[in-house]
Amino acid sequence: QGDVFTFDPGFTSTAACDSTITFIDGEEGVLLHRGYPIDQLASKSHFLEVCFLLLYGHLPTASEVEDFEFRVTRHTMVHEQMTKFYSGFRRDAHPMAIMVGVVGAMSAFYHDSTDISDPWQREVASIRMIAKMPTIAAMAYKYTIGQPFVYPRNDLDYASNFLHMCFSVPAENYEVNPILSRAMDRIFTLHADHEQNASTSTVRLAGSSGANPFACIAAGIACLWGPAHGGANQACLEMLKEIGTVDRIPEYIARAKDKDDPFRLMGFGHRVYKNFDPRAKVMKQSADEVLDLLGIEDNPILQVAKELERQALEDPYFTDKKLFPNVDFYSGIILEAMGFPTAMFTPIFALARTVGWISQWKEMLGDPKQKIGRPRQLYIGETLRDYVDVENR
Ligand code: SDX
């Protein structure tokens, strides 16, 4: 047995912590934000209302919504000097690389919302992050395709403004398609928060040291980028395109099952959900709706996705291991149909998850017992030994 020692994780204030924001039941496939089921929020609410709910804990009254939307809308522009940052990147930079850099530097521009000991500065930083992330993401997109930046407009709703900043060009008038705007808003809502996922843990841990909110969000963006996390939406669509036709699905399923092959089905499986990810169900319905409304009949990628899901869920390898489609499995199909390149999929995830990161960061800093996170390791290395001079080694 040896010495049984108590293993103090040392990070109760940040990693395994209490929260009132999001509840997940992985076995039952349940996701609640402040008690409200994600499918009801996705169908009945809209993203800025969900942001208010995550930040303040209750569904807002009509006047609260109006006030919140006014505050967010008036913070959508970025400091003009920030636009100079983009020109330092190569045009082929991944938009996530640009977002990590630009967001990480925001404390150099917004000094009046970096003192985390001041609740008012924490509030201003929260509004600024939610408001400016669409602008920053759209500017990263425009920069990588060589088009001029498009300024936000105060007369557009949050999702429409993002589409306008991404797809309008000075040379012609651009009318936001309400179908796309509704689909965009729903995608934002489905990605808003997800309890203690890897990137939220990163933001909480960074925030626990007292780092400024912009640096914490930049850390979250960096973590989300990984293909095992938010980067899966880009990797999933690229996988579906590589499969190409339904007759090639068995080959990829065999590869995913092969222990010696590192390939995994992107968009499948989850650290917590051992049942259907409720967001994937809504996303699948939305993919059908959006493609139908856009008149995109028989999208081959959607057909491959549905057949891949069907075959995988009939295969004991996946069902025994409780591997189901997750939020990333269908989202890329919708985003591509909306006109986004795959490189913009994870920036859109980061844009939407900003409210979750900020809400969790605020909740942690609002806890008077909060301490710096300091996870411990279970040491399994060499026991004590003396140094040996090089001539005696
Ligand atoms: C997100 O945490 C969150 O909440 C994240 C997120 C959020 O909103 O923040 O929900 C967003 O990150 C969703 C996940 C996106 N990632 C992907 O879709 C990438 C593909 N999926 C995986 O790589 C994987 O499923 C993970 C990373 C999501 C989970 O990996 P784990 O923890 O290794 O999964 P597991 O422990 O449940 O795996 C059990 C078994 C293992 O095999 P054995 O060692 O038991 O033989 O299933 C295998 C895994 O190898 N497995 C897969 C698989 N996922 C797990 N085999 C094939 N294809 C897959 N996708």
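Both counts, for ligands and for their atoms, begin at 1 and track the order of listing. FYI, the numbering just counts along the sequence from 1.
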For this session: Go through the structure and list residues passing side-chain contact (heavy atoms from CB on, under 4.5 Å) with S126, not counting sequence neighbours.
Result: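 For S126 the side-chain contact (heavy atoms from CB on, under 4.5 Å) partners, ignoring immediate neighbours, are L55, I358, W361, K362.
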
For this session: Give the protein residues with at least one non-hydrogen atom closer than 4.0 Å to an atom of ligand 1, ordered by chain and number.
Result: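 Its neighbours under 4.0 Å (heavy atoms only) are H194, N197, P227, A228, H229, A232, A256, K259, R264, L265, M266, G267, F268, G269, H270, R271, K274, R279, Y317, K321, L323, N326, D328, F349, R353, given by chain and number.
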
Between [X] and [Y], does the ring centroid distance fall short of 6.0 Å?
{"X": "F268", "Y": "Y252", "answer": "no"}
{"X": "H58", "Y": "F52", "answer": "yes"}
{"X": "F276", "Y": "H270", "answer": "no"}

Problem set entry | R279/D39 salt bridge by N-O under 4.0 Å criterion |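 No.
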
Problem set entry | Check ion pair D389-R393 (N to O, under 4.0 angstrom) |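 Salt bridge absent between D389 and R393.
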
